[in-house]
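If you're wondering where the values come from, they're calculated on a predicted model, not measured in any experiment. Below, all heavy atoms of this structure are taken into account, side chains as well, without hydrogens, waters or symmetry copies.
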Amino acid sequence: MSTTPGTPTASATPSTTLSGPAGPTADGKPTATPAAAPVATGSGPAANPARRAAGWPVRFAVLSLIWGFSFLFIKVGTQSFAPLQVTLGRVVFGALVLLAMLAVKRERLPRSGRTWGHLAAAALFLNVLPFSLFAYSELTIPSTLAGICNATSPLWGMALSVVALSEDRPTRRRVAGLGIGFLGVLTVLGAWQGFTGTDLTGTAMALGASLCYPIGWIYVRRTLAGSGQSHLAMSSAQLLLAGAQLAVLTPLFTTAPTSFPLLPMLAVFALGALGTGLAFLLQYGLVDEVGPTTAQMVTYFVPVIATAAGVLLLHEQLSWNTPVGALIVLAGAALTQSRPRTRRSPSARPRPTAG
């Protein structure tokens with residue numbers, strides 16, 4: 001998934017970097033969530049409750065639609081352009097949106113060479129690899145399946161966090177969620193039919209793209225926590241680095257397009273400017289206004305919208321096991337993000353005062 005905007009001015013953390021429409025981080029927090037809750041500012045929920053109540057549901061719906069349609073945009077773009085070219089265009093248009101906002105806010109890009117080095121690795125795992133893998137996967141699988149595979153990212157994150165994050169110990173509920181989620185994947189793929197009718201290579205690429213996100217989040221959490229940079233500055237730099245990597249790779253593995261059809265061009269522009277650039281601004285705004293728990297719920301709407309868009313607009317076929325498996329995946333993902341309720345000790349309960 002990506003990151004977004006109200007751009008709280010808390011210090012940047014692993015979660016402040018920009019990714020695609022994935023889900024929460026490996027430790028159960030959404031990609032836009034700073035390690036510490038942002039301090040309320042003049043634009044925060046505490047300062048303007050009326051604005052929060054009136055505006056955030058609209059931004060939530062817009063973000064869900066943008067990320068849900070991203071898989072349709074990829075499918076349309078790859079009809080005329082090579083997957084790496086679609087990814088390069090996506091990153092370039094997304095970076096232009098963020099750089100324009102950076103100029104408006106008069107913020108600066110990071111100056112530390114160490115920060116740029118870690119952001120280069122983050123760009124590889126959170127942008128270059130997953131964006132490219134999704135684009136390649138949609139050459140052989142429908143956009144609906146790609147959108148559902150994207151929803152497995154929290155499952156991968158939970159599995160990886162057990163190994164990579166010593167402070168994040170799994171509960172029985174979260175382990176059960178992991179098992180249920182991957183049972184959902186098998187249902188989507190029709191495992192009982194021997195995976196017939198499903199391109200396993202394309203599906204593996206889409207699942208691999210989803211795996212890249214938690215790898216990147218864990219890396220950023222370990223290396224860039226407390227960098228002191230704003231979300232906008234960090235993500236702008238990350239997209240610039242992703243664009244530089246793709247500018248080197250794309251000419252090596254593709255030939256220049258001979259034509260630029262309007263519809264695929266518009267799809268790539270929308271994928272970058274909306275699905276990568278504007279989505280960043282929207283998601284951080286939601287985190288700032290309503291908190292990470294509510295903001296991360298967008299994850300569960302993305303595969304639903306991706307499926308509806310693929311079926312209604314691209315006329316993709318949908319068998320019964322696809323939506324059923326998707327619901328199982330989402331149920332498992334929700335369980336992996338659940339946290340045990342903390343019980344208050346008797347001493348913490350308020351005592352009655354003397355009348």
Write down the atom of [X], the atom of [Y], and the distance for their closest heavy-atom approach.
X      : Y      : answer
Val91  : Gly243 : CG1-N, 3.4 Å
Leu109 : Ala233 : CD2-O, 3.9 Å
Leu330 : Pro303 : CD2-CG, 3.8 Å
Leu335 : Arg173 : CD2-CG, 3.6 Å
Ala267 : Gly77  : CB-N, 4.1 Å
Met205 : Leu133 : O-CB, 3.6 Å

Any side-chain heavy-atom pair of [X] and [Y] under 4.5 Å:
X      : Y      : answer
Tyr219 : Leu224 : no
Thr307 : Pro323 : no
Thr201 : Thr140 : no
Ser153 : Trp217 : yes
Phe93  : Leu271 : no
Leu246 : Val92  : no
Arg90  : Ile74  : yes
Val220 : Phe125 : no

Donor-acceptor pair, [X] side chain versus [Y] backbone, under 3.5 Å?
X      : Y      : answer
Ser70  : Ile66  : yes
Glu107 : Ser230 : no
Gln79  : Pro264 : no
Ser259 : Pro261 : no

**Item:** Polar contact flag, side-chain donor to acceptor under 3.5 angstrom, Glu138-Thr78
**Value:**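 Side chains of Glu138 and Thr78: no pair found under 3.5 Å.
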Got a second to check how far [X]'s [atom1] is from [Y]'s [atom2], nearest 0.5 Å?
X      : Y      : atom1 : atom2 : answer
Tyr213 : Leu160 : OH    : CG    : 15.0 Å
Leu232 : Leu102 : CG    : CG    : 5.0 Å
Thr203 : Leu145 : OG1   : CG    : 4.5 Å
Ile218 : Trp156 : CD1   : CH2   : 13.0 Å
Thr115 : Gln229 : OG1   : CD    : 6.5 Å
Leu274 : Leu65  : CG    : CG    : 11.0 Å

**Request:** Please step through side-chain contact (heavy atoms from CB on, under 4.5 Å) for the pair Cys212 and Ile215, ending with a clear verdict.
**Result:** CA-CA 5 Å; Cys212 288; Ile215 292 175; 5.6 Å; no
Group every Ile, Leu, Val, Met, Phe, Trp and Tyr by side-chain heavy-atom contacts under 4.5 Å, then state whether [X] and [Y] land in the same group.
X      : Y      : value
Val298 : Leu327 : no
Phe253 : Leu124 : yes
Leu262 : Val86  : no
Leu313 : Val268 : yes
Leu183 : Val185 : no

**Request:** Would you sort out whether Val128 and Thr87 count as a side-chain contact (heavy atoms from CB on, under 4.5 Å), showing the intermediate values?
**Result:** CA-CA 7 Å; Val128 176; Thr87 304; 5.9 Å; no
**Message:** Using the ring centroid of each side chain, check whether Trp67 and Phe73 are separated by less than 6.0 Å.
**Reply:**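 Trp67 vs Phe73: aromatic centres not under 6.0 Å.
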**Message:** Please determine whether side-chain contact (heavy atoms from CB on, under 4.5 Å) holds for the pair Leu99 and Leu240, giving the CA-CA distance in whole Å, both sets of side-chain angles, and the decisive distance to 0.1 Å.
**Reply:** CA-CA 9 Å; Leu99 289 173; Leu240 284 175; 3.8 Å; yes
**Request:** Check the surroundings of atom CZ in Phe269: do more than 12 heavy atoms from other residues, nucleotides or ligands lie under 6.0 Å from it?
**Result:**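 For Phe269, atom CZ is not crowded (no more than 12 foreign heavy atoms under 6.0 Å).
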**Derivation of the side-chain contact (heavy atoms from CB on, under 4.5 Å) call for Leu314 and Val76** = CA-CA 9 Å; Leu314 298 179; Val76 174; 4.2 Å; yes
**Request:** Take the angle between the ring planes of Phe81 and Phe260 and call it parallel below 30°, perpendicular above 60°, tilted in between.
**Result:** tilted
